[in-house]
Each structure stands twice: as C-alpha cells, then as structure tokens.
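Some notes on the structure that comes next.
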Amino acid sequence: VKNYTTLIHGFCNKGKMDEAAKLLEELCGKGLYPNVVTFSAIINGLCKQGWVDEAAKLLKEIYGNGLYPNTVTFNSIINGFCKEGKMTEAVELLDRILRCGLYPDTVTFTAVINEFCNQGRIEDAFKLLEEMRGHGLSPDTVTYTVIVRGLCTAKELDKALDLLEKMEREGIKPNVVTYNTVILGLCIVGKSEEARNLLDEMAVKGCAPDIFTYNTVLRAMHKEGRAEAAIDLFNEFTSKGHIPD
RNA sequence: AAUGAUUGCACCU
C-alpha cells in the first residue's frame with residue numbers, strides 16, 4: 001500500500017489525476033485497502049487542481065472505508081479552500097477539526113494565515129496567530145514568513161522588519177525564503193540600499209543569499225539607476241562561484 | 001508514503 005501511495009502521490013503532484021485513479025483501482029483490485037495517507041494524497045492532488053469540491057466529496061467517502069481523516073487530510077482541504085479564497089469554508093473546516101477530536105497544527109493555521117495575508121487581511125492574520133498560540137501552538141519560520149510577506153505587500157516595511165527581529169528574538173530562525181521576502185519588499189518600495197544591507201546581514205548570520213536574492217536586488221539597483229552598486233554586487237555574486245543565468 | 005511560505009509592479013497576449 002505504501003508503494004502504491006507513493007506512486008499515486010507522484011501522479012497527483014503532476015496533476016495526472018486519471019493515472020492516480022487507475023492506480024487506486026489497481027490497488028483495490030489486488031485486495032489491498034487504501035489507507036488515510038493514500039486518500040490524503042489524492043485529496044491534496046484534487047485540491048492542487050482546483051477541484052476542492054471533489055476533494056470534499058472524497059473526504060466524506062473516507063468514512064465509508066472505515067477510515068478517519070487526520071489533521072493532514074484536513075490541512076489539504078483547508079489549504080485548497082484558502083487557495084480559492086474561500087475563507088469561510090476554510091475557517092469552518094478548522095472548527096470541524098476540533099469537533100472531530102483532532103488537533104489543528106502549525107500547518108493548519110499557517111495555511112489560513114497565509115491566505116488572510118494574501119487578501120490583505122493582516123488584522124485577521126494576527127488574530128489567528130493569537131488563536132493558534134491559544135491552542136498551545138507556536139508559529140514557526142513559515143508562519144512568520146507569510147505574515148512578513150503580508151506586511152511587505154501592504155508596504156508596511158517597518159512592521160515587516162520589526163517582525164523579522166521579533167522572530168529572531170523568539171529563537172525562530174529566518175531562512176533564505178524569509179529574507180528574500182523582506183528583500184523583495186524593500187526593493188518594491190525602492191529601497192535597494194537597505195535591501196543590499198539586509199543581504200549582507202543574512203550572510204553574516206549564516207544564511208547564504210541565493211540566486212533569487214541577488215536577482216531581486218540587482219534588478220532593483222538597475223531600476224534605481226545605481227549602476228555602480230549593481231556592478232559591485234554582481235562581482236560579489238560571481239566571485240562566490242555563482243553562475244548568472 | 002500524504003499537508004503550509006519567496007519569482008512583486010507595469011506592459012503585452
């Protein structure tokens with residue numbers, strides 16, 4: 001069953017849901033029974049295709065198979081609703097997790113917080129962050145990164161930088177995605193110099209800038225007409241063994 | 001073996 005599930009997951013990731021369905025039939029035809037992980041993989045695949053309603057139907061069928069969905073199963077559908085902007089449904093499902101005697105986890109909350117941020121509902125995002133803490137869950141690097149991104153999109157760079165510091169104080173290490181997010185935010189508002197400083201800072205703190213980081217800052221410098229700064233940075237980029245694309 | 005985050009903006013299709 002594990003091997004079948006791995007294959008099914010692979011097809012689902014490529015959006016080949018028909019192939020995944022065939023494998024599921026084949027699995028059943030052999031007298032084997034799909035388990036929660038198998039169903040969750042398919043449910044996630046359906047959600048990624050934008051077929052959340054199909055996924056929700058399949059969620060109901062799980063029970064008929066004598067199985068119970070777990071937190072991961074719900075997380076996939078919650079994320080599916082979020083990606084369609086259906087926050088009412090997403091929050092409803094979050095409540096349902098609790099009623100099922102399951103526990104939402106950091107992934108559950110982060111998925112919903114992320115979509116609130118995408119919709120510019122930063123207040124709701126922070127509220128949910130508090131609610132998450134109320135459940136004894138701590139935000140992790142991804143949670144903070146999505147909120148930082150929400151603040152950057154809202155052009156609240158000061159708050160984004162504050163939050164970056166706050167997470168570090170809490171012992172949650174920003175990673176390259178976190179830094180790239182803030183750096184992009186700074187570049188969008190025309191602060192390539194601060195972006196460059198942050199690039200240096202992340203390197204000092206042991207987080208190596210990647211191609212995305214350099215690309216973002218170089219483009220911003222070019223846009224701001226800072227040719228010399230761009231050349232300096234480009235030379236640093238190549239001297240570190242990176243190959244420009 | 002399954003779930004959450006960075007490729008903005010403008011232009012054009």
Side-chain angles (χ1 to χ4, degrees), chain A residues 1-13 20 23-24 27 32 34-48 52 55 58-59 62 67 69-83 90 93-94 97 102-118 125 128-129 132 137 139-155 157 160 163-164 167 172 174-192 195 198 202 207 209-220 223 245:
Chain A
V1 177
K2 273 191 192 179
N3 290 334
Y4 269 105
T5 301
T6 305
L7 290 171
I8 287 172
H9 174 232
F11 280 124
C12 287
N13 258 349
L23 272 179
L24 180 64
L27 184 162
L32 296 170
N35 61 26
V36 185
V37 179
T38 320
F39 277 108
S40 298
I42 297 173
I43 283 174
N44 186 50
L46 291 168
C47 290
K48 289 284 146 73
V52 192
L58 191 56
L59 177 67
I62 289 184
L67 299 168
N70 59 25
T71 303
V72 173
T73 323
F74 278 108
N75 285 353
S76 285
I77 300 203
I78 287 174
N79 189 47
F81 277 126
C82 286
K83 287 281 129 73
L93 266 183
L94 207 161
I97 290 187
L102 293 169
Y103 294 94
D105 59 14
T106 304
V107 173
T108 322
F109 282 100
T110 303
V112 183
I113 288 173
N114 180 43
E115 185 53 26
F116 274 141
C117 288
N118 284 338
L128 203 53
L129 178 65
M132 171 177 171
L137 295 165
D140 64 10
T141 302
V142 178
T143 316
Y144 274 117
T145 301
V146 304
I147 302 177
V148 160
R149 187 166 77 95
L151 290 168
C152 286
T153 304
K155 308 244 191 288
L157 267 296
L163 195 61
L164 184 66
M167 69 185 282
I172 297 157
N175 62 18
V176 65
V177 177
T178 319
Y179 283 113
N180 284 350
T181 302
V182 182
I183 285 171
L184 177 61
L186 287 167
C187 288
I188 289 173
V189 297
K191 294 185 172 176
S192 69
L198 190 54
M202 68 188 275
C207 182
D210 62 10
I211 291 190
F212 185 90
T213 325
Y214 284 103
N215 207 341
T216 304
V217 181
L218 282 169
R219 279 178 59 168
K223 198 174 71 180
D245 60 11

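Chain letters run A, B, ... following the sequence lines, proteins first and then strands; every chain starts at 1. Computed from a predicted model, the values in this text were never measured in an experiment.
Atom CD1 of A:Ile188 and atom CG of A:Leu157 lie 8.5 Å apart (nearest 0.5 Å). Here the OG1 atom belonging to A:Thr181 is positioned 12.5 Å from the CD1 atom belonging to A:Ile147, to the nearest 0.5 angstrom.
Rounded to an integer number of Å, the gap from CG of A:Leu151 to P of B:A5 is 18 Å. Atom pair A:Ile113:CD1 and B:U3:C1' shows a separation of 15 Å (rounding to whole Å applied). When rounded to the nearest whole Å, the span between OH of A:Tyr103 and C1' of B:G4 equals 22 Å. Rounded to whole Å, the distance from OH on A:Tyr144 to P on B:A5 is 19 Å. Distance, A:Asn75 CG to B:A5 C1': 14 Å, rounded to whole Å. The nearest whole Å value for the distance from the NZ atom in A:Lys48 to the P atom in B:A5 is 7 Å. If you take CZ of A:Arg219 and P of B:A10, they are 13 Å apart, rounded to a whole angstrom. Atom CG in A:Leu23 sits about 18 Å away from atom P in B:A1, given to the nearest Å.
Minimum atom distance to the side chain of A:Thr110 is reached by B:G4, of the listed B:A2, B:U6, B:G4. Side-chain proximity of A:Ser76 to the nucleotides B:G8, B:G4, B:U3 is greatest for B:U3. The side chain of A:Ile188 sits closest to B:G8 out of B:A1, B:G8, B:U3. Out of B:G4, B:U6, B:A2, the shortest distance to the side chain of A:Thr181 is found at B:U6. Taking the side chain of A:Arg149 as heavy atoms from C-beta on, and the options B:A2, B:U3, B:U6, the nearest nucleotide is B:U6. The side chain of A:Leu184 sits closest to B:U7 out of B:U7, B:A5, B:U3. Among the nucleotides B:A1, B:G8, B:A5, the one closest to the side chain of A:Thr141 is B:A5. When the nucleotides B:A1, B:G8, B:A5 are ranked by their closest atom to the side chain of A:Lys83, B:A5 comes out on top. Listed nucleotides B:G4, B:U6, B:A2 differ in distance to A:Asn180; the shortest reach to its side chain belongs to B:U6. Here the side chain of A:Asn44 is nearest to one of B:C9, B:A1, B:A2, namely B:A2.
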_Would A:Lys2 and A:Asn35 count as a side-chain contact (heavy atoms from CB on, under 4.5 Å) here? Give the steps._
CA-CA 9 Å; A:Lys2 273 191 192 179; A:Asn35 61 26; 5.8 Å; no

*Where do A:Thr6 and A:Asn3 land on the side chain to side chain donor-acceptor pair (under 3.5 Å) test, with the steps shown first?*
CA-CA 5 Å; A:Thr6 305; A:Asn3 290 334; 5.1 Å; no

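You'll find a donor-acceptor pair under 3.5 Å spanning the side chain of A:Asn35 and the base of B:A1, going by distance alone. A donor and an acceptor atom sit less than 3.5 Å apart, one in the side chain of A:Thr143 and one in the base of B:G4. Put simply, the side chain of A:Asn175 and the base of B:A5 share a donor and an acceptor less than 3.5 Å apart. Residue A:Asp105 places no side-chain atom within donor-acceptor reach of the base of B:G4, judged by atom type and a 3.5 Å distance cut-off alone.
With hydrogens and angles left out, the side-chain atoms of A:Thr178 and A:Asn175 include a donor and acceptor closer than 3.5 Å. A donor and an acceptor atom, one from each side chain of A:Asn79 and A:Ser76, are nowhere located under 3.5 Å apart.
Using a 4.0 Å heavy-atom criterion, one finds that A:Thr106 contacts the bases of the nucleic acid, with or without backbone contacts as well.
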